[in-house]
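The sequence lines fix the lettering, A, B, ..., with proteins before strands; numbering per chain opens at 1.
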There are 4 protein chains.
Amino acid sequence: MENELKKFDVAQLAHVEIFTPKPEETLWFFKELLGMSETAREGQSVYLRSYEDLYHHSLKVTERNEPGLGHVSWRASSKMALERRVRDLQKSGFGKGWIEGDLGHGEAYQFVTPDNHNMEILFDLEYYQPPESEKTLLKNRPQKRPNKGIPVRRIDHVNLLSSDVTVNKDFMADELGFRLREHVVKNDGSEIAAWQSVSPLVHEIAFMGDQGTAEKGLGRLHHVAFWYGFPQHLNDLSELLTENGIQIEAGPLKHGVSQALCMYVMEPGGNRIELFGDSGYLIFDPDWKPVTWTEEETERAIIFYGAPLPDSYFKYGTPLVESPVTNK
Amino acid sequence: MENELKKFDVAQLAHVEIFTPKPEETLWFFKELLGMSETAREGQSVYLRSYEDLYHHSLKVTERNEPGLGHVSWRASSKMALERRVRDLQKSGFGKGWIEGDLGHGEAYQFVTPDNHNMEILFDLEYYQPPESEKTLLKNRPQKRPNKGIPVRRIDHVNLLSSDVTVNKDFMADELGFRLREHVVKNDGSEIAAWQSVSPLVHEIAFMGDQGTAEKGLGRLHHVAFWYGFPQHLNDLSELLTENGIQIEAGPLKHGVSQALCMYVMEPGGNRIELFGDSGYLIFDPDWKPVTWTEEETERAIIFYGAPLPDSYFKYGTPLVESPVTNK
Amino acid sequence: MENELKKFDVAQLAHVEIFTPKPEETLWFFKELLGMSETAREGQSVYLRSYEDLYHHSLKVTERNEPGLGHVSWRASSKMALERRVRDLQKSGFGKGWIEGDLGHGEAYQFVTPDNHNMEILFDLEYYQPPESEKTLLKNRPQKRPNKGIPVRRIDHVNLLSSDVTVNKDFMADELGFRLREHVVKNDGSEIAAWQSVSPLVHEIAFMGDQGTAEKGLGRLHHVAFWYGFPQHLNDLSELLTENGIQIEAGPLKHGVSQALCMYVMEPGGNRIELFGDSGYLIFDPDWKPVTWTEEETERAIIFYGAPLPDSYFKYGTPLVESPVTNK
Amino acid sequence: MENELKKFDVAQLAHVEIFTPKPEETLWFFKELLGMSETAREGQSVYLRSYEDLYHHSLKVTERNEPGLGHVSWRASSKMALERRVRDLQKSGFGKGWIEGDLGHGEAYQFVTPDNHNMEILFDLEYYQPPESEKTLLKNRPQKRPNKGIPVRRIDHVNLLSSDVTVNKDFMADELGFRLREHVVKNDGSEIAAWQSVSPLVHEIAFMGDQGTAEKGLGRLHHVAFWYGFPQHLNDLSELLTENGIQIEAGPLKHGVSQALCMYVMEPGGNRIELFGDSGYLIFDPDWKPVTWTEEETERAIIFYGAPLPDSYFKYGTPLVESPVTNK
C-alpha cells in the first residue's frame, strides 16, 4: 500500500524561489505587468503571489549577483505523506535536512536533484489572508482579480535544465512519486526531455537536456511558468510587454507536448518565464502510458502550431554559463 | 493507510448513459452539433465519444420511451482500488452486483445512490483506436480534431437531482472517497447543492435538491457536461444551436461555484446538457476546506456574471415528473 | 452631386458629453475600470479618452444634479462637408448656431434632434499628443495600451430614446446623410427602433422608442458605447465589475441587430454604458437594403443568443423621469 | 466636387479570381477547411463564397497550369461612380475595356495596374440567395454559419507584389480614389510597401516590393485574405490545418501595420492565403495622415508580436518565378 500511496504523496508545486541581480526591475515585471502582489519582504527577498494562489507566496524573489533558481518547494498531501517522502529522500543520499521554515511556511525538508537543483518538501504553510479591500464575494478565490497588468492566476510548473534527463526524472519518480507523462527520446534511447506530474496536469516539473553547457551540477533553471487559462491574455500580455520594452523570446505558440498554448519571456533579471494561456489537456486516466516522441517527431513535439523556437530556447538558462556550447 | 487511499481510489468519470425517446434527433445533436463520433451500435444503444476522450465511449445513448439517466460509470485507480471500493459498497447496502461488462469495458460493479441513480465502478476498459484517416501527429490526442460542429473535447461531469443532497453527498464520500469542494447551505443547515470530486476538478459529480418534485428515488438527471476549455467555443456553439433551432436554456454565463463559464441546452431527447467553456479553477491544495455559500449568497454562487437562471433550471430534470412542484 | 455627397458628409462620432451627479464615482468607473485617461479639466467638466481615440477627448463628463446626455458631437468629412450640412441644418429649423469651440476642438455648429437631443457638428479638432512615457512604437496607435482596468479602445456609438423613432431617424438621414441599416417595425408600420450609420459600422447612432415615459422632448439617453473588439474583454470586465460592486444590467450577450457581442452597465452616475466585445458585422455594400425585423421577430432582433433583456433595458434612460410608464 | 467624390467612388473589394494547377485540392482547402460554399461551376472555374459574403461569389477558382492571380474585382459605390472611374481609367492608358459580365455580375470595366495585375470595376452584381435549408433567422446574415471547417466570414483584402510600390499605389489613388493608410519607406525615400483603402479598413489592397524577382509586369499575387474577426478561430484553424497536413507559413502573429492578428498558409494550389483573426483597427478620421514606418522600424511594422516572418514571406508569390532573387 505504501507503494500505491507514493504517487499521491506529493500534492502540488507550492512555490519557487528565483535569484535576480536586478530586484527592482524584476519586481516591476511581476507586479506591474503580471499583476502579482507582494505579501512580504525580508532581508534580500520579496514574496509574491498570483491572485488565485492560495498560500502566502508562490514566488520568492531574492537578490543575488546573478539570476538563477533558488529552490523549488513541493507540498506533500499530508503530514504522513511528508514523512514517507522524507524517509525515502534520506535513504537516497540527496537529502540535506530539515529547516524550521521560512516566511509563510513551517518546517521543510531540503534536498537536491542529481543535477543539484535545490528543492524542499513541506506540508505546513500559511494561507493568504486578504486585506478588507481585496476580499471578494467569489468565495473560491482568495482575493479580487487585480486591476493592473494582465494578472496571472497561479503558478503552474517549473522546467529545469539537466545534464542527464533520465537520472533526474528517475529521481523524481522514485523518491517523490512523479509519473512520467510525455518524453522525447533519441534514436539511441537517451531522453532529450521529460514531463512529469503528480496531478492531472501534464507536468508540474520538466527536465530538458542542457544544450548550453556540458558542465554538470549547475542546477540551471529553464523557466518558471504561470497560468492564465485564457488564450486572449497571452495576446494582451504580448501587447503590454512589447509596448513596455520587454522582449518576447517565443510565442504565442502551441506546443505538441502538453498541448500548451504559451509564450516565453525573460524577466529583467534574466530568468525565463513562461505564460500558459489555456488549460492544455488533463490526464485523468490512472493507467496513462507515457507519450513517447521520437527524435524525428521532436519538431512536432515542440511546436504543434506557431513558429519554430529560437536557438536561445535550447541553450539559455540561469545561472548563465561562462563558455556556452556553440553548436546546437 | 486504507483510509488514506480511499480518496484516491476513484480516478475519474468514465462514461454516462442517457435515455432518449428520439434517438435520431439526439444523435444528430451530439454528432453534428457537438462533433462527437459514433464508435459502436448494439441493440437500442449507440456509443459516442468526444475527440479527446481516451476510451471506447464516454456517452451511451439508449432509446427509451422517456428521457433520463441510464447510469454513471466511474473508473477506479487500479484493480486494487476497485476491490476496496466494491468491498465498501457491498457493506453499504447500495451494491447490486457485478456485470460481465458492456461494449468497451470489462466487468463492472453496479450500485445505486440513496436516491436511486444507477452507477457502476470498473477498471478494465478498452482504449479507442482511431482508423487510419483519424490518426493525428499530435500524439497525446487519440484522434484528429473533428471537422464538423463545434466539437467538444471530453466528458466533464454529471449533475444529479436528489431528494436529499446531504445523504447522497455522504454516500459518495463514504463509499467512493469523493471530497466535498463547494456547497450551498440553507440557514437551517440543510444543503441545497454540493459539488464533489476525486481530482483537481471542482466536481465530477454534483447533487442539487430536486425542486421539481417531492417524490424520492427517481434518480433524476439534471445534466451531463462536456468540456471545451475555450470560451469562444461557447459563442460559436450558441450561433450553431440558434441557427439550427435548438433552444439554449441559459448562458453563456459564469457560475460562482466552480467558476465555470458555461451554457445549458436541452438535447432533442429532452436531457439537459452543459457545455463547459473554460477551465474554471483547479484544486491542488490537499487540505482544501470546502467553500460554503450561505442562503444569502446563493445568487452569487449560481451566477458570478451573466443573467439569472430561468426557473426551469431548478425544476426541470429527466425523467420528467407528472405533477411538478409549482412554487419555486 | 451634392446629393451623392451628402451620405459621406458626416465622417464619425467625435465625442459625447454626459452629465453625472456623482463625478468622482463616474470618473473612477471610466478611469479605473474602463482604463480611460483624463486629458483635461475645466469648470465642472473632465475630458476623457480611450487609448485608441485619436482626438483630445471622446467623452466629456460634466457635473449636474442629475444624469443625462450633454451633447453628441459629429465630425464632418471636410470643411466643405461641414458647410453643406450646416446649410441644411439651418433650413431644417433645428439649428441653434455656431459656438467658438471647446477644449479640444474649434468652431462647431449646434443643433437638436426633433426629440431635443443636443448635438453639434464640427471639423477642426485637436489630436491627442501623448506624453513621452505614453508614446508607443506601434505607430498607428496614439498611445500605449493602459495598464489598469480592462481598457476600452475607442468610442463606438450612441443610442437615444425618443418619442418617435421615425421622425428622428428621418432627421438624421435628411440633414446629416445617415443611412438606415436595420430597424424593427411594428405590424402597424411604426418603428420601434432604428440603427443608422455613415460608415461600414452598423450604427454610430440608434433611436429606440422610449417605453419609460410618454413625455416628449426630453432628449433622453439610452446608452453610450465603447469598443473592445475582443470577446474575452467582456468576460474580464464582468469579473472586474462584479468584484468592484458595479451591477451589470445585461450580458454578455449577442444581439441579432448588428450582431454585437456586448454588455450593459450603469456607471455610478446613473448613465447606461454599453461595452462592445467584437466587431459585429460591417456593411461595405453601397446598395445595402435596410434589414427589417418584424414585430414577431423582435425577440431575435434583440437577442441572437444570451438571456432575455430585463425590463429596465426598455424603460430606463437618463435623465430619469418622474412617473415612468409602468406597463411594458 | 468630383474630386471630393472620387475617394468614395470605389466601395469595396467584390471578389478575387485565383488560378490553381490543383483544383480539387484547392477546392477541398476552401470548402472543407475554410468552410466556404460553392455557388456555381462553369468551364474551368468554380465560384465560392464565405458565409457572410453578400454576393454570388467572393472567390473564383480557375484551373490553370500554374498558380497566380486571375483578377481583382472592385465594386463602385453607384452607377455614376462607376462611370466616373471608368472615364479616368480610360484616360490613364491602363484601361482594357468593358466585358458583358460573368456568372454573378453584369458588365464590368477591365484594366491593369502598372505592374500588370488584372482588375475590373463594376456595379451590378447578383446577391446570394440561400436555399431553404440555409436560411437563417439572423436577418443581417445571408445564410447560416456553416457546420464544417473553421468557416471564414468574408473576403477582406488582396496583397500584390510589384516592381515599384509607389507607381502602383499612385495609380490606385489617382484613378480609383484609394487613400494611403500606412507605408514603409526606405531611407532613400522609396516605398517598400503601402496599404490603401476606400473604407475604414486599413486596407482593401496592399502593394509590397517583389523581393523574389526583378522581372516586371508579372502581376504577382502575394496573398488574398479572408476574415474571421475572432482570435480563437486562428487557433482552431491552426489545429485543423496541422492535423490535415497543410503547412502554416507564419503566425498566428500580430502585425504592427494594420494591427492585424493573422496567419498565412499556402493553399494546395500554391497561392498564399491570409486569415485575419481580429478586426485590427478602423480608420474613421477623415483627415488621416498616413502612418510612415521607417527602414529602421520595418521589423516592428511587420511584427508587433510573434516570431519573425520567414524568408519565403518576402520572396514567394504566384505565379512562381524561374530564377528567384537569392539574397534577401
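Most heavy-atom pairs under 4.5 Å with chain C: of the set D/Lys7, D/Arg300, D/Arg75, this distinction falls to D/Arg75. The candidate with the highest count of non-hydrogen atom pairs below 4.5 Å against chain C, out of D/Arg154, D/Gln259, D/Glu182, is D/Gln259. Counting heavy-atom pairs under 4.5 Å between each of D/Leu13, D/Leu201, D/Leu282 and chain C puts D/Leu201 at the top. Of the residues considered (D/Leu138, D/Asp278, D/Asp287), D/Leu138 shows the highest number of contacts with chain C, using heavy-atom pairs under 4.5 Å. Taking C/Ala14, C/Ala76, C/Ser77 one by one and counting their heavy-atom pairs under 4.5 Å with chain D, the maximum is reached by C/Ser77. If you tally non-hydrogen atom pairs under 4.5 Å between each of D/Val291, D/Leu137, D/Asn140 and chain C, the highest count goes to D/Asn140.
Of all non-hydrogen atoms in D/Ala11 and C/Phe284, the two that sit nearest each other are CB-O, 4.0 Å. Residue D/Arg153 comes nearest to C/Gly280 through the heavy atom pair NH2-O, 2.9 Å, listed as atom of the first residue, atom of the second, then distance. Closest heavy-atom contact between D/Pro286 and C/Gln12: CD-OE1, 3.6 Å. Minimum interatomic distance between C/Asp285 and D/Tyr127 (heavy atoms only, all atoms of both residues): OD2-OH, 2.7 Å.
For C/Lys254, the part lying near chain D is the side chain, with the backbone staying farther off; criterion is any non-hydrogen pair under 4.5 Å. For chain C, the nearby part of D/Val257 is the backbone; its heavy atoms alone come within less than 4.5 Å. Both the backbone and the side chain of D/Phe8 come within contact range of chain C, each with at least one heavy atom under 4.5 Å from a heavy atom of that chain. Neither the backbone nor the side chain of D/Gln232 comes within contact range of chain C; no heavy atoms are under 4.5 Å apart. D/Thr292 touches chain C through its backbone: at least one of N, CA, C or O sits under 4.5 Å from a heavy atom, while the side chain does not. Of the two parts of C/Glu52, only the side chain, counted from C-beta on, holds a non-hydrogen atom closer than 4.5 Å to a non-hydrogen atom of chain D.
Residue C/Glu295 qualifies as enclosed at atom CD: its count of foreign heavy atoms under 6.0 Å is above 12. Other residues, nucleotides and ligands contribute only 12 or fewer heavy atoms inside 6.0 Å of the CG atom of C/Asn3.
Atom NZ in C/Lys289 sits 11.0 Å away from atom CG in D/Leu54 (nearest 0.5 Å). Note: C/Tyr281 OH to D/Arg141 CZ = 11.0 Å, rounded to the nearest 0.5 Å.
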